[in-house]
There are 2 protein chains.
Amino acid sequence: MNEPTVFIVDDDQAVARSLRWLIESVQLKVETFASAQAFLDGYATTKPGCLVLDVRMPGMSGIELQERLTVQRIRVPIIFITGHGDVQMAVRAVQAGAFDFIEKPFNDQDLLDRIQRAISFDSEQRARDSLRARLSALLASLTPREREVLNLVVEGMSNKAVANTLGLSAKTVEVHRAKVMEKMHARSVADLVKMAMQNQET
Amino acid sequence: MNEPTVFIVDDDQAVARSLRWLIESVQLKVETFASAQAFLDGYATTKPGCLVLDVRMPGMSGIELQERLTVQRIRVPIIFITGHGDVQMAVRAVQAGAFDFIEKPFNDQDLLDRIQRAISFDSEQRARDSLRARLSALLASLTPREREVLNLVVEGMSNKAVANTLGLSAKTVEVHRAKVMEKMHARSVADLVKMAMQNQET
DNA sequence: CAAACAATAGGGGTAATTACCTAGGTTGCC
DNA sequence: GGCAACCTAGGTAATTACCCCTATTGTTTG
C-alpha cells in the first residue's frame, strides 16, 4: 500500500500492455483498466501513485473521467495521453488540474520522467492532505461551544471579551479555552492560530 | 491608471488592429506592441490588465516573452493566441502559468470573455500582492532584534522563554515585544501570528 | 437508570502580560 | 560634538492567563 502504483486506463489492450511493460521496467507497480468506468469502480483512493489516461476511449472519455474525479475530489495526478493534437482539449485539461498532457508518439524516457514527477507530486499532496485531515479530526472533536470560543480566541480576544461576546462568565470561557488547548494539542495561542489558519486555507 | 488595459503583442499589424477594434468595442483600454521586445521596453508593471500575446513572432517569440516575464516576476495574465495547434507548446505554456491559450480562428465573444476573466484575475492578484507588500513594509520597519523577538513570539514562546533563548532579561524582551506590536499595528498575538504566516506563504 | 459528557460557574493561587515610568551604553550620521 | 536610533534593564501596578479544586444542570448513551 505504501509503494506507488501507476494506474493505466486505455481501451487498447496492446497499448496498455506495452505501457505496463515500459513502466514495470523501472520497478514501478502497475494496474491496468480497460475503461474509465472500470477505473472508477476499481480504484482505491488510498493507493498512492498516478494515472496514465487515454483521452479518447469508447464510452466514458478520459476527459469525462477527469471531471468525475474532480467532482469526487479524488486528486490523483493525471497524465493524459492522446493520439491526435487537440489544443483546446489539452489546455482545458491542464487548466482543470491535469498533471501533464502528452502526444503519441512519445519518448519512453520522457513519459517515465513525467510519471516520476507525478508520483512525487502525489506523495507531497498526500502528505499535505493527511496533515489537513489530522487537523480536521482535532477540530471535529471540539464541542460547538468550544469551537465558538476557539474562533474568538483566534480573533485575538481575551477571555473577558469572549465572555462578553458569548454572554458567559469569564470562568466558563476559561474552562472551554483550556479544553480547546488540550483537545487541539496546542501549547500556546500561537499554535491555535496557526492550526485555524491552515484549516481554512484549502 | 486604475482602469484595466489590454496589451496586445502581435507582429502582424492587421491582426493587432482588428484585435484593438474588437476589444475597444467593449470599452476597454488597449495598447499594442509590434514585438515582444517592444512590450518589455514599454510595459509599466503598475498598469492593471492582461496580455494578449501571439505565440509565433519574428525575433522573440511569445513563449520566450513569457519566460522573461516569469524570470522578472512580472505576473500579468497572458492569453496566448496561436495559428497552428501545437499541443506540447500549449501545455507547457499553461503549466508555466499562462492564463489561457486559444487557437485561431477564435470566436470574438469567447476571446472577450477570457479577457474579462484575465482582468478579474489580475485585479485579485494585485489586491493580494498589495496586501503582501504592506505586510513586508511593516516587517521591514522592525529592527533585527525586534524581528528575532517576533519570530520567537510567533513560535508561541513566552517572554521568559524568549529571554532565555536570546540571552536577554525578560524586561528587555517585553520592550521589544511592545515595540513589535506597535510597529506591526497588531492588537494581539493572534494578529502577529496571522501576519507572520501570511508573509511566509507566497 | 447509571455513567459519561457538555455547559455552566465559583474559589484561590501562581505566572505572565501590559502599561506606565526611568535610564545607561553603543553606534551611525550631520 | 551632538542627536537619533537601537539595545539594554529595572520598578510598579493593573490586568489577564493558567492551574487545581468543587459543583449544578441537562443531555446522551449503553
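Just so you know, these numbers use all the heavy atoms, side chains as well, and skip hydrogens, waters and symmetry mates. Per chain, numbering begins at 1; letters A, B, ... match sequence-line order.
- In terms of phosphate contacts, B:His176 brings no side-chain nitrogen or oxygen within less than 4.0 Å of OP1 or OP2 of D:dA9.
- Contact annotation: A:Ser169 reaches the phosphate of C:dA9 (side-chain N/O to OP1 or OP2, under 4.0 Å).
- Where B:Ser141 and B:Gly167 meet DNA chain D, the nucleotide closest to each residue was compared, and B:Ser141 sits on the side nearer the 5' end.
- The distance between atom NZ of A:Lys179 and atom P of C:dA6, rounded to the nearest whole Å, is 7 Å.
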Under 4.0 Å protein heavy-atom contacts per nucleotide of nucleotides 12-17 of chain C, with B for base, S for backbone only and - for none:
B---SS
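- Here the side chain of A:Lys194 pairs a donor or acceptor atom with the backbone of B:Val154 at under 3.5 angstrom.
- Toward the 5' end of DNA chain D, the nearer of the two residues B:Thr143 and A:Met181, judged by each one's closest nucleotide, is B:Thr143.
- Within the model, atoms CE of A:Met89 and OG1 of A:Thr82 stand 7.5 Å from one another, a figure rounded to the nearest 0.5 Å.
- Look at CG on A:Asn164: it is 14 Å from C1' on D:dT16, rounded to the nearest Å.
- Ring geometry, B:Phe33 versus B:Phe39: the interplanar angle exceeds 60°, so the pair is classed perpendicular (tilted spans 30 to 60°).
- A:Phe101 is listed as a side-chain neighbour of A:Val55, based on a closest heavy-atom distance under 4.5 Å.
- Spacing between atom CZ of B:Arg145 and atom C1' of D:dA9 amounts to 13 Å, rounded to whole angstrom units.
- The distance between atom CZ of B:Arg147 and atom C1' of D:dC7, rounded to the nearest whole Å, is 15 Å.
- Here the side chain of A:Glu148 pairs no donor or acceptor atom with the backbone of A:Leu166 at under 3.5 angstrom.
- Atom CG in B:Leu142 sits about 13 Å away from atom C1' in D:dC6, given to the nearest Å.
- Distance, B:Glu182 CD to C:dC20 P: 11 Å, rounded to whole Å.
- Summarising the local packing, CZ of B:Arg68 is surrounded by 12 or fewer heavy atoms from other residues, nucleotides or ligands at distances under 6.0 Å.
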